[in-house]
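Notes follow the structure.
In listed order, ligands and their atoms are each counted from 1.
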Amino acid sequence: MEKFIIKGGRRLCGEVEISGAKNAAVAIIPAVILSDEPCILENVPNISDVSISLRILYEMGADVQFLSSNTVRIDATGITEPIVPYEMAKHMRASYYFLGTLLGKFKRARVAVPGGCYLGDRPIDQHLKAFASLGAACTLDHGMIDIQTENLIGSQIYFDMVTVGATINTMLAAVKATGMTVIENAAREPHIVDLANFLNSMGANIMGAGTDVIKIKGVKSLKGATYAIIPDQIEAGTFMVAAAATKGDVLIKNIIPKHLESITAKLEKIGVNAEEFDDSIRISVDGPLVKTTVKTMPHPGFPTDMQPQISTLLCLAEGTSIVTEGIFDNRFRYVDELRRMGADISVDGKVAVIEGVPELMGAPVTAPDLRAGAALVIAGLAAKGVTEIEDIYHIERGYENFEEKLRGLGADIVKKSVPGSSTVRKAAL
Ligand code: EPU
């Protein structure tokens with residue numbers, strides 16, 4: 001196992017390049033199964049969730065070849081058995097996308113119940129409701145979800161809540177169904193649009209992605225495509241907050257500014273300067289950081305995946321800030337760790353009350369999940385003294401070369417092996 005050691009207190013300055021989006025990649029990689037020909041994916045982030053997705057494809061019989069560090073050629077035509085075993089699925093939430101894509105291709109799938117970040121109860125009832133609506137029967141057997149049908153028939157599906165995962169899974173299952181599928185109350189995240197663009201480039205007929213009504217006219221077959229994944233809005237947002245927390249001056253490149261609007265607007269409220277260009281944004285601070293309120297919501301609202309990072313920044317802002325988590329039940333597990341660093345935060349259910357403090361102090365902490373881990377890195381960068389962060393495998397699920405990119409901005413951060421600790425988790429990846 002490895003940990004980060006950060007000597008805090010340095011301003012981040014310079015330029016950083018954002019990688020491809022994790023949550024688009026983990027949907028697009030399984031989607032390749034639907035194609036009758038090989039596909040080439042570009043701007044694929046080199047993170048462990050992507051490695052797991054590619055490993056699942058490989059273990060099922062796909063040919064997977066890296067053409068360069070971020071370009072991969074996948075020929076999934078060799079897959080014959082639509083099964084994703086527990087050992088492969090247990091560490092990654094997005095393994096549930098194999099349900100939709102295998103169902104779409106083979107009319108049957110057997111996939112272990114997914115793992116991933118613990119953020120409270122994360123049911124998949126809406127996914128199963130959509131599959132049932134398309135005519136598939138689902139059963140749970142020894143931790144495996146079994147799903148099958150003779151024929152997938154287009155249908156009208158209304159989600160009880162806005163759900164990214166179920167919207168994507170329904171698109172994957174419906175793309176080759178007979179007739180028209182209409183998803184109402186669909187999620188509108190940029191990665192939903194990216195998946196629709198990828199599927200359409202293979203010959204699918206998907207309209208309305210990016211709005212709350214998506215229409216999918218089933219097609220008989222899909223061909224190969226070469227496709228570049230969009231930049232990661234959350235990685236970009238994380239660097240924006242890291243720049244602000246260290247009172248730095250950073251140009252964040254290879255981004256789509258439109259995808260970052262809710263984050264940019266909130267940072268400006270806090271007193272951060274944000275200068276937008278076509279595909280980059282410059283973040284700097286020349287005055288005090290001030291309190292604000294944040295409530296996480298589905299896109300285009302403020303993303304839950306930025307909640308721990310913005311809360312960390314607000315620890316250093318003058319006054320009392322209120323942060324409300326509007327998506328998940330339990331996304332404040334990092335608060336105890338921040339308190340060890342001198343933060344003044346109290347949490348009541350889904351609401352955190354943050355009293356700004358003049359500075360944070362380095363301390364040994366543990367990353368409880370991916371975005372919380374990134375938030376602790378930000379805290380460590382801004383803090384006085386040394387911060388050691390354990391369980392950084394969470395962070396490596398979603399950030400490509402995180403510490404190298406931060407070092408490129410002047411951070412003092414190194415990754416160290418912890419001797420004698422368990423390597424079980426790494427081996428399982
Ligand atoms: N929900 C249900 N039933 C369902 C599906 C969702 O009750 O069948 C609830 C969830 O419990 C949650 C809400 O609906 O309260 C929204 O869940 P959603 O389905 O949108 O989330 P997800 O698909 O599990 C994806 C991302 C998360 C991100 C959320 C929200 C992937 C692989 N994961 O999760 O990303 O937080 O959407 O935007 O795309 C991360 O990257 O750190 C991460 C956790």
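For ligand 1, the atoms lying closer than 4.0 Å to a non-hydrogen atom of Ala94 are 32 (C). Ligand 1 places these atoms under 4.0 Å from at least one heavy atom of Leu370: 42 (O). Those atoms of ligand 1 with a heavy atom of Tyr96 less than 4.0 angstrom away are 22 (P), 23 (O), 24 (O). Under a 4.0 Å criterion applied to the non-hydrogen atoms of Gln126, ligand 1 contributes the atoms 3 (N), 4 (C), 8 (O). Atoms of ligand 1 found under 4.0 Å from any heavy atom of Lys22, numbered from 1 in the order shown, are 40 (C), 41 (O). Ligand-side atoms of ligand 1 in range of Ile124: 4 (C), 8 (O), range being under 4.0 angstrom from any heavy atom. Distances below 4.0 Å separate heavy atoms of Thr304 from the following atoms of ligand 1: 30 (C), 36 (O). Per-residue contacts place Phe328 under 4.0 angstrom from the following atoms of ligand 1 (heavy atoms of the residue considered): 12 (C), 21 (O), 29 (C), 36 (O).
At a 4.0 Å cut-off, not a single heavy atom of Ala187 sits close enough to ligand 1 to count as contact. Heavy atoms of Arg331 approach ligand 1 to within less than 4.0 angstrom. Residue-ligand proximity: Phe159 is placed with every non-hydrogen atom at 4.0 Å or more from ligand 1.
Proximity of a side-chain donor or acceptor of Gln126 to a complementary backbone N or O of Asp160 within less than 3.5 Å is detected. No donor-acceptor pair closer than 3.5 Å links the side chain of Asn43 to the backbone N or O of Ala228. No donor-acceptor pair under 3.5 Å is formed between the side chain of Tyr334 and the backbone N or O of Ala374. In this structure, the side chain of Lys217 does not engage the main chain of Gly179 through any donor-acceptor pair within 3.5 Å.
At least one side-chain heavy atom of Val213 sits less than 4.5 Å from a side-chain heavy atom of Val182.
Listed by chain and residue number, Tyr96 satisfy the ring-ring contact (aromatic ring centres under 6.0 Å, His included) test with His127 (two or more places apart in sequence, or in another chain).
Taking each of Leu128, Asp160, Thr163, Asp369 in turn, the one with a heavy atom nearest to atom 6 (C) of ligand 1 proves to be Thr163. Of all the listed residues (Asn23, Asp329, Ile327), Ile327 holds the heavy atom that lies closest to atom 13 (C) of ligand 1. Nearest-heavy-atom check against atom 2 (C) of ligand 1 across Met161, Glu325, Gln307 picks out Met161.
Counting heavy atoms under 4.0 Å from ligand 1, residue Val164 touches it through both backbone and side chain.
Ring centers of Phe239 and Tyr399: at least 6.0 Å apart, outside the cut-off.
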Practice prompt. Test side-chain hydrogen bond (donor to acceptor under 3.5 Å, both in side chains) on Arg188 and Thr211 and set out the steps.
Written response: CA-CA 6 Å; Arg188 293 177 281 169; Thr211 76; over 6 Å; no
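For Lys215, the NZ atom counts as loosely surrounded, since its 6.0 Å shell holds 12 or fewer non-hydrogen atoms of other residues, nucleotides or ligands. Under a cut-off of 6.0 angstrom, the local environment of CG in Asp125 is crowded, with over 12 non-hydrogen atoms contributed by other residues, nucleotides or ligands.
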Check: residues 146-153 side-chain donor-acceptor pairs under 3.5 Å, at least two apart:
unit_1: Asp146; atom_1: OD2; unit_2: Arg110; atom_2: NH1; d: 2.5
unit_1: Thr149; atom_1: OG1; unit_2: Gly135; atom_2: O; d: 2.9
unit_1: Thr149; atom_1: OG1; unit_2: Asn151; atom_2: N; d: 3.2
unit_1: Thr149; atom_1: OG1; unit_2: Asn151; atom_2: O; d: 3.0

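Taking any N or O of Gly165, backbone or side chain, at least one lies under 3.5 Å from an N or O belonging to ligand 1. Checked against a 3.5 angstrom limit, the closest N/O atoms of His191 and ligand 1 fall outside it.
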